[in-house]
Amino acid sequence: MTDKNHYELVILGGGPAGLTAGLYASRARIDHVMIEKGAPGGQVLTTDWVDNYPGFPDGISGFDLMEKMTAQAKRFDVNILTKEVASLDLGDDAVKKLIFHDGSTVTCDSLIICTGASPNKLGIPGEVELLGKGVSYCGTCDAPFYRNMHVAVIGGGDTAVEEADYLTRFASKVTIIHRRDELRATKILQEMAFANKKIEYIWNTRVTGIEGDKEVERLSLIDNNGNTSTLDVQGVFVLIGITPNNSILPIQQLGADQWGFIITDCETRTAIPGVFAAGDIRSKLMRQVINACGEGANAVIAAEHYLISRLEANKLEA
Ligand code: NAP
């Protein structure tokens, strides 16, 4: 980490999008820093196994994948600063300011926001303990691990219903457990799910615990009348919404959708000139490592174009 406080480019966040942006920025010899509050890698660090990232025919653990991405970025001298940003001042188009908890600041000409998103948690016993051992927050990622098994999906929104349908390509049975007596999902998705013979429903019921010795074996349930029961399953997908990591971001200024994800154009540009967004924080359909990486690379190229056009404009003015 070089000891200075102004950069041509700051990358905020060190998950797959941020690390790829760091790799591209360092290879392009852009004066940059990637700021990450913890170890680089983001949420994928805690993902047990990634089976759908190209180049790894046997799959790879999330930890190993992110360690390899970090090592690759470091090979090109990515500049990493481990510090937690408290707030951003993006009021001045020319200079963007990041303020740390200790009051110190870093400024930059361009900024790529890669702060990600977090799946909502149930907060029940067993959820953390059995994560990656039958508890999952992503059907698209983990469905093939549940071939011919009985799994549960918790939630009744679009994601839960779409992922339940996807899971039936592998699982022998999928039980949707919903806290009300009707789904929140759009009607067309509901019709698709109701027509799928492999999907069953438990209505008006909450999951109070996830149990199992080494892997998920059963769920404890309570219905809205207080009756308790258990359900034997080998996997449980908690799909009760995701929250964008936007608490430090001026999202009105950046442009955000109704859930607080940043809206960009197809080149990752936000509403603020020189500010880009990549990865799960972007408003989009699919949130996977593969498109986060692509967007991180794209954002650096877009930032480079922005920096060059600024230089040219300054030359013309001089
Ligand atoms: P969502 O629409 O907010 O649905 C969350 C679901 O989880 C709801 O059914 C909710 O129950 C349930 N839930 C929330 N907290 C819970 C808890 N503590 N315990 C049990 N259940 C809980 O989230 P989403 O499905 O992830 O969708 C997010 C947005 O993305 C939506 O607007 C959706 O339309 C959009 N999306 C679109 C597509 C598509 O167009 N193909 C696909 C996926 C998502 P209640 O219904 O009782 O509140």
Side-chain angles (χ1 to χ4, degrees), residues 43 47 52 115-131 134-143 151-169 174-196 199-211 216 218-231 233 235-246 251 255-264 277 279-292 295:
Q43 245 193 78
T47 302
N52 58 357
T115 49
S118 310
N120 294 342
K121 312 281 191 305
L122 286 165
I124 57 173
E127 188 178 16
V128 173
E129 296 83 344
L130 294 168
L131 178 63
V135 175
S136 171
Y137 297 96
C138 179
T140 313
C141 314
D142 295 338
V151 300
V153 163
I154 303 172
D158 283 350
T159 306
V161 169
E162 236 176 22
E163 298 268 74
D165 187 70
Y166 183 78
L167 279 159
T168 61
R169 295 183 198 183
V174 177
T175 302
I176 294 182
I177 302 169
H178 188 34
R179 63 185 177 182
R180 294 189 289 132
D181 62 357
E182 61 175 352
L183 297 171
R184 177 182 291 280
T186 45
K187 284 283 178 270
I188 189 151
L189 290 178
Q190 292 195 30
E191 284 164 18
M192 174 186 74
F194 290 139
N196 188 331
I199 301 180
E200 292 182 0
Y201 300 84
I202 299 180
W203 302 105
N204 297 310
T205 297
R206 290 168 193 267
V207 179
T208 52
I210 304 171
E211 295 163 25
V216 169
R218 81 194 69 78
L219 306 178
S220 307
L221 310 177
I222 185 162
D223 71 18
N224 290 352
N225 295 319
N227 302 308
T228 58
S229 60
T230 59
L231 179 73
V233 290
V236 55
F237 290 79
V238 181
L239 300 168
I240 58 171
I242 58 168
T243 302
N245 298 331
N246 66 8
I251 56 163
D257 65 19
Q258 64 192 108
W259 302 285
F261 293 96
I262 300 173
I263 295 169
T264 73
D280 285 6
I281 188 67
R282 274 187 72 228
S283 176
K284 59 181 176 178
L285 188 60
M286 186 178 93
R287 292 193 169 82
Q288 301 266 289
V289 178
I290 184 140
N291 59 333
E295 291 161 24

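For ligands, and for the atoms within them, numbers begin at 1 and follow the listed sequence.
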Heavy-atom check, side chain of T159 versus side chain of I242, under 4.5 Å: no

Under 4.0 angstrom from atom 22 (C) of ligand 1, is there any protein heavy atom? yes

Counting non-hydrogen protein atoms only, what is the nearest one to atom 35 (C) of ligand 1? Give residue, atom name and distance. D158 OD2, 4.1 Å

Do F237 and V174 have side-chain heavy atoms sitting under 4.5 Å apart? no

Working note: I176 + V153, criterion side-chain contact (heavy atoms from CB on, under 4.5 Å); need CA distance, chi angles, decisive distance, verdict. CA-CA 5 Å; I176 294 182; V153 163; 4.3 Å; yes

Take S220 and T228, measure what side-chain contact (heavy atoms from CB on, under 4.5 Å) needs, and give me the verdict at the end. CA-CA 7 Å; S220 307; T228 58; over 6 Å; no

Examine E162 against ligand 1 and note whether any of their N/O atoms are separated by less than 3.5 Å. yes

Do any non-hydrogen protein atoms sit less than 4.0 Å from atom 3 (O) of ligand 1? no

Answer yes or no: does an N/O atom from G156 fall short of 3.5 Å to an N/O atom of ligand 1? yes

Residue pair R282 / T264: nearest heavy atoms and the distance that separates them: NE-OG1, 2.9 Å

In ligand 1, the atoms that come under 4.0 Å of a heavy atom of L122 are 19 (N)

Which heavy atom of I210 sits nearest to which heavy atom of E127, and what is that distance? CD1-CA, 4.0 Å

Any protein heavy atom sitting closer than 4.0 Å to atom 30 (O) of ligand 1? no

Quiz question: by atom type and distance under 3.5 Å, do the side chains of N120 and T243 form a donor-acceptor pair? yes

Is the closest heavy atom of Q258 to ligand 1 under 4.0 Å? no

W203 ring center within less than 6.0 Å of Y201 ring center: yes

Which of the ligand 1 atoms, numbered from 1, are nearer than 4.0 Å to a heavy atom of R180: 45 (P), 46 (O), 47 (O)

To the nearest 0.1 Å, how far is atom 15 (N) of ligand 1 from its closest protein heavy atom, and which atom is that? R179 NH1, 3.6 Å

Nearest non-hydrogen protein atom to atom 28 (C) of ligand 1, with distance, is T159 OG1, 4.5 Å

What distance separates E163 CD from L189 CG, expressed to the nearest 0.5 Å? 11.0 Å

Is the closest N or O pair between G155 and ligand 1 shorter than 3.5 Å? no

What protein heavy atom is closest to atom 48 (O) of ligand 1, reported as residue, atom name and distance in Å? R184 NH2, 2.6 Å

Report, in ascending order of atom number, the atoms of ligand 1 lying under 4.0 Å from any heavy atom of W259. 29 (C), 31 (C), 32 (O)

Where on L189 is there a heavy atom closer than 4.0 Å to ligand 1, on the side chain, on the backbone, on both, or on neither? neither

